[in-house]
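Remarks on the structure that follows.
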2 protein chains.
Amino acid sequence: MKIGELARTTGANIETIRYYERIGLLPAPHRTAANYRSYGEAHRSRLAFVRHSRDLGFTIEEIRSLLDLSDHPERECSEADRIATGHLEQVEAKIAQLEALRGELSRIVGRCRGGLAGDCRVIEALGDHALCESPHA
Amino acid sequence: MKIGELARTTGANIETIRYYERIGLLPAPHRTAANYRSYGEAHRSRLAFVRHSRDLGFTIEEIRSLLDLSDHPERECSEADRIATGHLEQVEAKIAQLEALRGELSRIVGRCRGGLAGDCRVIEALGDHALCESPHA
DNA sequence: CTTGACCCTGTAGTTGCTACAGGGTGCATA
DNA sequence: TATGCACCCTGTAGCAACTACAGGGTCAAG
């Protein structure tokens, strides 16, 4: 299959696929006589793995390690679990941070009663961190 | 005050302050005879506004608009409210997305029982989106 | 008079793509 | 046969919002 079809069946962008190849995340496929990339099922499932992992928020370097494990089924699985657990913790931390932020923002937005910028509570609140209730950052 | 002191009193990085000046977010301050930047209270409060807004997750362009309003107190405040409300909505959307992600990730992590990578449920789950419960991306 | 802390400019790196520019290939249709 | 169109190629530059140098100048203390 050519790159366009691979892109369609995985939902990845063509440029992204070439980018993954360039950074060594995907192996370089065979080329046709016209120098077109030619992919097989192994490429498709590897790309699906990458896209799925990216959608779950793993970094490229984390995915590199996970792929490496996936290529060596005789190794121990603990590294994969460590990566996933660490990532989960980061996601939870990010959620907590965004929730604090949401709290401050909705307090700020709620204060606006319309009118002139000189009296604007939104702008006032942004200028003065002391008006915040919780440590959002 | 020199740039180092401004950085200390606002919590901003020196390089970041110069960066803000370069992109026109902060006005260029006076220079001493030795060509050092020399800041006053107006600079400090403007930078505090910017850092606070960044901590709340506003983009540079949003902050540009907010600063512009802050510089024109005779204008209407509605734009500030529109920006803040829009940003709040984005934060809420991001939280929802991360919560879906957390759900999938904790399901995936929970499946690992140790052992070899070849049998690893974490790696299996990453390779097969169909094993997911909810549409996380 | 030298050490150290501070300041300057300009440029390049970070992450994970995305968007061209400028060209080649392959197939169907007029 | 020409020609139009969809597709492919490489290489480079751009995005956000910084951060990190390299290579140099300034200034006060000991």
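What you see is a predicted model, and the numbers here were worked out from it, not measured in a lab. Lettering of chains follows the sequences in order, A, B, ..., and the numbering in each one begins at 1.
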Within residues 85-93 of chain A, residues whose heavy atoms come under 4.0 Å of DNA chain D: none

Give the rounded distance in Å between these two atoms: [atom1] of [X] and [atom2] of [N].
{"X": "A/Leu26", "N": "C/dG16", "atom1": "CG", "atom2": "P", "answer": "14 Å"}
{"X": "A/Arg54", "N": "C/dT15", "atom1": "CZ", "atom2": "C1'", "answer": "8 Å"}
{"X": "B/Arg18", "N": "C/dC6", "atom1": "CZ", "atom2": "C1'", "answer": "10 Å"}
{"X": "B/Tyr39", "N": "C/dC7", "atom1": "OH", "atom2": "C1'", "answer": "11 Å"}
{"X": "B/Glu5", "N": "C/dA5", "atom1": "CD", "atom2": "C1'", "answer": "15 Å"}

Taking C-beta and beyond as the side chain, do A/Arg44 and A/Met1 meet within less than 4.5 Å on heavy atoms?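 Heavy-atom side-chain distance check passes, below 4.5 Å.
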
Using chain A heavy atoms and a threshold of under 4.0 Å, write down where along DNA chain D the contacts begin and end, 5' to 3'.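 Span of nucleotides near chain A: D/dC7 to D/dT10.
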
Along DNA chain C (nearest heavy atom to each residue), the more 5'-positioned of B/Arg22 and A/Asn13: B/Arg22

Where the side chain of A/Glu15 is defined as all heavy atoms beyond and including C-beta, which of C/dT25, C/dT18, C/dC17 is the nearest nucleotide? C/dT18

Quick one: does A/Tyr36 reach the base of C/dG26 with a side-chain donor-acceptor pair under 3.5 Å? no

Can you tell me if the side-chain N/O atoms of A/Thr16 get under 4.0 Å from OP1 or OP2 in C/dT18?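 So the side chain of A/Thr16 is within the cut-off, an N or O lying under 4.0 Å from OP1 or OP2 of C/dT18.
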
Side chain B/His30, main chain B/Ser38, donor-acceptor under 3.5 Å: no

